[in-house]
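Working notes, structure below.
Along the sequence shown, residues carry numbers from 1. The figures that follow rest on heavy atoms only: side chains count, while hydrogens, waters and symmetry mates do not.
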Amino acid sequence: RSLELVDAGLAAVVRCKLRAGSAEDALLAFRQDPRPHHAGAVQAALDACAALADAEEASRLFRAHVVAARRVDPRTVAACAAAIATVPDKWRDAFELLARHAARRPAFDAALAACLPSSDPSADRPACDERLAAAADCWAAAARRQIYKEAAFGKRDRVLHLDLHGATVPVARAAALAALKRAYLARPEDPPTLSLITGSAARRDALPKLQPALADFLKATFNVASAPSPANSGALVVASASVLSWGLRHHDRLFHHQQGAPPPAAP
């Protein structure tokens, strides 16, 4: 009980300094306290890291406290990663932070939304390509940890299905690019058709937003054609020829500098 009171007191001090506009002093107060830190104080310190976009300090806190089984609210992780991601040249740190320490979907959702490039046609193309590739690999790393649903082949491996029910538009964009990459690499000379399942005809709540947004993204970003499946209006289909065209024109340009996201550390 006494430790809980001490932790609450330290958390209050850190948050007070943070509200006063001094994130540096807030982190300093946390670092200088010699007692064991628990979840409340760690969350307050992570808020200060977010304000400073200090990915290195946030990563240290994750290693020292989250890995030590001191639970931190996943919303705090999400806010920290998203804040870091919005700072120029810091979005790579946010993805690294997630790949190594985050185990909850909200954290990945927030960071992917913050890290994906804008649709501004005047934006720097190489920088946008790097962000897109990193977002796709970050999503794939999360899918391997079952945070998102991985794409799965159908019968005879002719169609790669990706279930995007419940996905936000930014997450769906990263997932669609990851699925394009997987489909192309599965058979570069004759890739499978890609089926992006956005919602069923009976559940049109997600369909009007997600399916057109994905179709626009694929067309505007990669000139990849897609169309609703004749058999299922809730599935957006990218034909084998379009997957092949994407692979020949874009795969090496997007992914030449990275072969995949860094493997996540053991929890």
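- Rounding to the nearest 0.5 angstrom, the gap separating the NZ atom in K181 from the CG atom in L194 is 14.5 Å.
- Residues D163 and Y148 bring no donor and acceptor atom of their side chains to less than 3.5 Å of each other.
- Contact check on D157 versus R187 returns no salt bridge, with no Lys/Arg side-chain nitrogen under 4.0 Å from an Asp/Glu carboxylate oxygen.
- Taking hydrophobic clusters as Ile, Leu, Val, Met, Phe, Trp and Tyr residues chained together by side-chain heavy-atom distances below 4.5 Å, L196 shares a cluster with V169.
- L254 is listed as a side-chain neighbour of L177, based on a closest heavy-atom distance under 4.5 Å.
- Not one N or O on the side chain of R105 forms a donor-acceptor pair closer than 3.5 Å with the backbone of A142.
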Report all side-chain donor-acceptor pairs from residues 218-227 shorter than 3.5 Å, counting only partners two or more places apart or in another chain.
residue	atom	partner	partner atom	Å
K219	NZ	N223	OD1	3.0
T221	OG1	F217	O	2.9

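- Under the 4.5 Å side-chain heavy-atom criterion for grouping Ile, Leu, Val, Met, Phe, Trp and Tyr, F153 is connected to L185 within one hydrophobic cluster.
- Cluster membership check: V238 shares its hydrophobic cluster with L244, using side-chain heavy-atom separations under 4.5 Å among Ile, Leu, Val, Met, Phe, Trp and Tyr.
- Y184 OH to S245 OG: the interatomic distance, rounded to the nearest 0.5 Å, is 10.0 Å.
- Taking both residues in full, the closest heavy atoms of S229 and V237 are given as CB-CG2, 3.6 Å, listed atom of the first, atom of the second, then distance.
- With contacts defined as side-chain heavy-atom distances shorter than 4.5 Å, the pair I197/L164 does not qualify.
- The salt bridge (charged side-chain N to carboxylate O under 4.0 Å, His left out) search around D190 returns R158, not counting sequence neighbours.
- Counting only residues at least two apart or on different chains, the side-chain hydrogen bond (donor to acceptor under 3.5 Å, both in side chains) pairs with a member in residues 17-28 are S22-D25.
- Looking at every heavy atom in both residues, P228 comes nearest to Q211 through CG-OE1, 3.4 Å.
- When atom types are taken as modelled, the side chain of S240 and the backbone of P191 share a donor-acceptor pair closer than 3.5 angstrom.
- Here the shortest heavy-atom pairing between A179 and L160 reads O-CD2, 3.7 Å.
- The two atoms that bring L112 and C138 nearest to each other are CD2-CB, 4.4 Å, heavy atoms only.
- A donor-acceptor pair is defined here as one N or O able to donate and one able to accept, closer than 3.5 Å; no such pair exists between the side chain of Q32 and the backbone of L27.
- For the atom pair L10 CG and R15 CZ, the distance stands at 10.5 Å (nearest 0.5 Å).
- The two atoms that bring P192 and V243 nearest to each other are O-CG2, 3.7 Å, heavy atoms only.
- Pairing each heavy atom of S195 with each of V159, the nearest pair is CB-CG1, 3.9 Å.
- In this structure, R182 contributes its side chain and A151 its backbone to a donor-acceptor pair below 3.5 Å.
- For the pair F108/I147, a side-chain contact is recorded, criterion being any heavy-atom separation below 4.5 Å from C-beta on.
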